[in-house]
Amino acid sequence: MCGIVGYVGEKLATDVILEGLQKLEYRGYDSSGVAILGSGKLKFRKIAGRLSNLISSVEENPVEGTIGIGHTRWATHGAPSDVNAHPHTNEDGTIAVVHNGIIENYMTLKNELIEKGYNFESDTDTEIVAKLLDMYYEGDLLQAVFKMVKRLKGAYALGIVSSNNPDELIAVRKESPLILGVGDDELFVASDIPAILNRTRKVIYLENNDIVKLTREGYTIYNVDRNVVEREVKEILWDVEAATKEGYDHFMIKEINQQSSVIKDTLFRRLDDKGNIYLENVNIDSKYLTTINKIYIVACGTAYHAGLIGKHILEKFLNLHVIIDIASEFRYGNNFVDDKTLMIVVSQSGETADTLAALRLAKSKGARILSITNVVGSTVARESDDIFYTWAGPEIAVASTKAYTTQLTAFYMISLYFGKLKGTLGDEIYNEILSELKSLPAKVKAAIEESEKVAREIAEKIKNKRSLFYIGRGLDYYTAMEGALKLKEISYIQAEAFAAGELKHGSIALIEKDTPVIAIATQRDLYEKTVSNIKEVKARGAYTIGITRVSNKDLENVCDSVIYLDETYDIFMPLLSVISPQLLAYYAAVERGNDVDKPRNLAKSVTVE
Ligand code: F6R
């Protein structure tokens, strides 16, 4: 996710664009830049770090002009830096481009352009757009854009200006969001409505493959076949605050709802032409996988819970011993890490001090480091040998939701990829499992829709409880741990997860009349045993809630409420069963009047040990 703002009018473009970018910082904030057309010249400012750096730079050294494009970046290809910040340009600096999305075939295009003599200065996929435009440019920017988009695969929203056509701005939309704002004698493009809401309330939602030319005289929208298309102008009635959250009350619920699409991004953008998994930043080969004698996973909190599931899947697909440790504990035992160890480090932020300390220790002992992280160019990413970026986009709410489910997706993909590479997964089984994984984004969407109402009702019932218990067996136990953590951190209700079979060894003493117990029972082989454990707590007066597959209707005999999930393989159930615990934590926190996105005592990134 990145943020784009473009302006065509009579006002100072930098004022309008910087104001807009400030409203889009939730889409990305690792670097930013502007390209402004003034007196027939194209002038640039771009800089790493928060948007305030760009604002100071423009204040010190103003760029004047009334047409321009701006960008705030959330890195995907290339670390956050001045060079990788947008806009990107052709070599003589006459064409500038800002981009949101991912150009999937950028490596192929880059090689083609290099062969033609083009030089590249950044690591971004966006720079190929500027160079392609240069290649096709014959005096008319719009015609060059028509030719250029035919070459792109992937998702992109683009803003383009050129000093050779100084009275126009071209914008393109394919899959990544882009809107056109229609003001009095001025026009805007933006990734999202809040960027322009102070300027106009008249908006066109551009559709896939729309190409729009903006001039001071007006706008024309074309499709890729160069035909003019009409789009309806809509009036926006919300305020800026509501629009930033896209109508949701909090970032957390917005991020819960984004999960289906970010899982899809993480998965589908890593498939090659034959639909097989291709991991571009992982350079591990089959020989290496037969040389190592163990995999170590380290992480903290939610990322650790993703790691627990990862361990199970990796062991299954690779037939290899996988050890997992909480990062803050890793240093205190004899961990037997050596040069035959692959360490997988999981961290949304890539800056967690405990995780980094574990990474550095393992590295000093000769381990190879593969990181699963959401932040491109983060310290964890920089210090790793191989990287899997989760592409969940910025996670603003402190409680991690979409980062967790994309971390699980990462583990599924890595396990499948390594299993095939090592030969422990045959082609047939690999294809079968991958095909089922591809159906998961739709099932996650269904889980969100189906859990919503029940989660609200249960939240209402538990909101004044002092404590609550989650139980489960096998993979369900790990989801139970994640469910309990979510509830604690934002609702402040004491929640604990137990391995269901372990309850009777002491913890069952805590169960009394109306104690809420949430049982996760999705694993087929373990189902009957979990049902017995639910009966044990029910017999002691517990208020029981079940989360299970749609085929297990009999759970209603032992549970007061049941949340049903679509059928899938047992190993994929954690992607579905975590949804209702996330929603329950959210609604319980709302019911209690808590600051959902910024819970007390917590920070998004924990940079102290
Ligand atoms: C819980 C949560 C934390 C983080 C943990 C690790 O919702 O967000 O438990 O998962 O602090 O953070 P990262 O993944 O950034 O290393």
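FYI, the numbering just counts along the sequence from 1. Every number for a ligand or one of its atoms is a count from 1 in the order of the listing.
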>> Can you name the atoms of ligand 1, numbered from 1 with element, that are less than 4.0 Å from a heavy atom of Gln348?
In response: 13 (P), 14 (O), 15 (O), 16 (O)
> Is Leu314 close to Ile297 at the side-chain level, that is, under 4.5 Å between some pair of heavy atoms?
Replying inline: yes
> Looking only at side chains, do Tyr278 and Arg270 share a donor and an acceptor under 3.5 Å apart?
Replying inline: no
>> Between Asp476 and Thr522, is there a side-chain donor-acceptor contact under 3.5 Å, judged purely by atom types and distance?
In response: yes
>> Please classify the Glu351 to ligand 1 contact at 4.0 Å (heavy-atom distances, strictly less than): side chain, backbone, both or neither.
In response: neither
> Considering only heavy atoms of Ala303, which atoms of ligand 1 have at least one such atom less than 4.0 Å away?
Replying inline: 10 (O), 14 (O)
> What are the atoms of ligand 1, with element, lying closer than 4.0 Å to any heavy atom of Val398?
Replying inline: 7 (O), 8 (O)
> By number and element, which atoms of ligand 1 are closer than 4.0 Å to a non-hydrogen atom of Ser349?
Replying inline: 13 (P), 15 (O), 16 (O)
>> Counting only heavy atoms, tell me which of Asp354, Thr373, Thr352, Val345 gets closest to atom 12 (O) of ligand 1.
In response: Thr352
> Going by the angle between their ring planes, with limits at 30° and 60°, are Trp391 and His77 parallel, tilted or perpendicular?
Replying inline: tilted
> Is a side-chain donor-acceptor pair under 3.5 Å present for Lys365 with Asn335?
Replying inline: yes
> Are any of the side-chain heavy atoms of Asn84 and Arg73 separated by less than 4.5 Å?
Replying inline: yes
> What atoms of ligand 1 come closer than 4.0 angstrom to any heavy atom of Gly301?
Replying inline: 9 (O)
>> At less than 4.0 angstrom from any non-hydrogen atom of Glu489, what atoms of ligand 1 do you find?
In response: 1 (C), 7 (O)
>> Which of the numbered atoms in ligand 1 are under 4.0 angstrom from any heavy atom belonging to Ser400?
In response: 7 (O), 8 (O)
>> Could you go through Thr379 and Glu351, starting from their C-alpha distance and side-chain angles, then the distance that decides it, and tell me whether this counts as side-chain hydrogen bond (donor to acceptor under 3.5 Å, both in side chains)?
In response: CA-CA 6 Å; Thr379 314; Glu351 302 297 344; 2.5 Å; yes
> For ligand 1, which atoms have a heavy atom of Lys486 less than 4.0 angstrom away?
Replying inline: 1 (C), 7 (O)
